[in-house]
Amino acid sequence: FWRVTTRAAPHNEYTSTTLLRAYADNHGGSTTGSPTTLPHKGDASPPSNPSPRSFTIQFSSADYTVQWRYDAGTNSYLRFMGGSPHNDALTGRQLRAKNVVVMDTTESAAYDPYTPGSIHLATEGQGRAVVYQDGRTVVGTWQKGSVSAPLQWLDSSGRPIPLNRGLTWVEVVPQGTPVTTP
């Protein structure tokens with residue numbers, strides 16, 4: 001990884017696929033990953049009254065509060081951060097996703113000499129998940145049995161939740177993080 005000086009830590013750390021693969025090769029790790037296990041579907045017709053039209057995630061401070069607003073014209077969710085559109089640094093276009101998944105998980109302290117107070121969010125195990133897509137909400141669970149096991153998002157009946165084709169944004173939040181709708 002490398003750090004840039006134009007952003008404050010920990011939001012200034014970057015890597016690349018090439019560097020990650022080289023690291024894996026040098027440390028006996030796999031570079032092929034697991035087979036694709038996430039089912040996909042075509043977009044559903046947007047509802048006349050989406051529910052919710054937006055939702056907000058309260059992170060560490062107001063500057064990092066995230067809001068996603070449903071855009072029926074593109075059947076996607078627009079991302080806002082700190083009350084302003086969250087724009088791609090390279091293109092200047094506002095970030096959007098066809099699916100937004102909010103995963104609740106456990107939090108513990110993590111050592112990072114560059115960022116005192118760092119946390120570790122567990123991504124193995126299981127917990128509550130909410131999938132926002134097509135102007136609708138699917139409440140279910142996430143599960144991942146081990147590092148090498150595939151991540152799954154399951155509906156309340158235990159069936160995999162099919163995602164729209166396109167960008168999926170995953171918000172991994174500590175249990176108890178406020179996620180509110182207007």
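From a predicted model like this one, the values you see are computed outputs, not experimental measurements.
Under the 4.5 Å side-chain heavy-atom criterion for ILVMFWY residues, no single connected hydrophobic cluster contains both Val179 and Val101. If you chain together hydrophobic residues whose side chains sit under 4.5 Å apart, Val131 and Val173 never meet in one group. Transitive grouping of hydrophobic side chains (ILVMFWY, heavy atoms separated by less than 4.5 Å) keeps Leu151 and Val102 in distinct clusters.
Contact record, Ala72 with Pro46: O-CG, 3.9 Å, taken as the closest heavy-atom pair. Smallest separation of non-hydrogen atoms from Gly42 and Arg165: N-NH1, 3.3 Å. Closest approach of Pro160 and Pro39 over heavy atoms only: CB-CG, 3.7 Å.
The closest side-chain heavy-atom distance from Tyr14 to Leu19 is not below 4.5 Å. When side chains are defined from C-beta on, Pro182 does not count as touching Arg53, because their heavy atoms never get closer than 4.5 Å. In this structure, His40 and Asn164 have side chains that are not in contact, with every pair of non-hydrogen atoms separated by 4.5 Å or more. Side-chain atoms of Pro85 and Leu78, non-hydrogen and from C-beta on, never get closer than 4.5 Å to each other. Counting heavy atoms from C-beta outward, Arg79 and Glu171 have side chains that approach closer than 4.5 Å. At least one side-chain heavy atom of Thr137 sits less than 4.5 Å from a side-chain heavy atom of Val130. Using a 4.5 Å heavy-atom cutoff, the side chains of Trp153 and Met103 are in contact.
Asn87 and Gln94 are not linked by any side-chain donor-acceptor pair at a separation below 3.5 angstrom, with hydrogens and angles left out of the test. In this structure, a donor-acceptor pair under 3.5 Å is absent between the side chains of Tyr70 and Asp134. Counting only N and O atoms by type, the side chains of Thr74 and Arg96 include a donor and acceptor under 3.5 Å apart.
Remark: Arg69 engages Ser54, Gln67, Phe80 in a side chain to side chain contact (heavy atoms under 4.5 Å, CB included) (not counting sequence neighbours). Residues forming a side chain to side chain donor-acceptor pair (under 3.5 Å) with Ser48 (at least two apart in sequence, or on another chain): none.
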Test side-chain contact (heavy atoms from CB on, under 4.5 Å) applied to Ile57 and Thr65, step by step: CA-CA 6 Å; Ile57 305 169; Thr65 295; over 6 Å; no
Could you go through Gln175 and Thr106, starting from their C-alpha distance and side-chain angles, then the distance that decides it, and tell me whether this counts as side-chain contact (heavy atoms from CB on, under 4.5 Å)? CA-CA 6 Å; Gln175 291 172 341; Thr106 58; 3.8 Å; yes
Lys144 and Glu124: CA distance, side-chain angles, deciding distance, salt bridge (charged side-chain N to carboxylate O under 4.0 Å, His left out) verdict: CA-CA 5 Å; Lys144 183 171 172 56; Glu124 291 174 54; over 6 Å; no
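Within a 6.0 Å sphere centred on CZ of Arg7, heavy atoms belonging to other residues, nucleotides or ligands number 12 at most. Heavy-atom contacts from other residues, nucleotides or ligands closer than 6.0 Å to CD of Gln143 number more than 12.
Distance check, rounded to the nearest 0.5 Å: CD of Glu107 to CG of Leu121 gives 6.0 Å. To the nearest 0.5 angstrom, Asp112 atom CG is 11.5 Å from Ile119 atom CD1. With rounding to the nearest 0.5 Å, the separation of CG in Leu38 from CD1 in Ile161 is 10.5 Å. Taking CG of Leu95 as the start and OG of Ser76 as the end, the distance is 11.0 Å to the nearest 0.5 Å. In this structure, OH in Tyr77 is found 10.5 Å from CH2 in Trp68, a value given to the nearest 0.5 Å. Annotation: the span from Leu163 atom CG to Lys41 atom NZ amounts to 8.5 Å, rounded to 0.5 Å.
One N or O on the side chain of Thr91 and one on the backbone of Arg93 form a donor-acceptor pair closer than 3.5 Å. Listed for the Trp142 side chain is a donor-acceptor partner under 3.5 Å among the backbone atoms of Asp104. A donor-acceptor pair is defined here as one N or O able to donate and one able to accept, closer than 3.5 Å; no such pair exists between the side chain of Asp71 and the backbone of Asn75.
Using bins of under 30°, 30° to 60° and over 60° for the plane-to-plane angle, the ring pair Tyr132/Phe55 lands in the parallel bin.
Ring centroid separation for the pair Tyr111 and His120 does not come in under the 6.0 Å cut-off.
Checking each of Val139, Thr105, Thr141 against Arg128 for a side-chain contact (heavy atoms from CB on, under 4.5 Å) leaves exactly one that passes, namely Val139.
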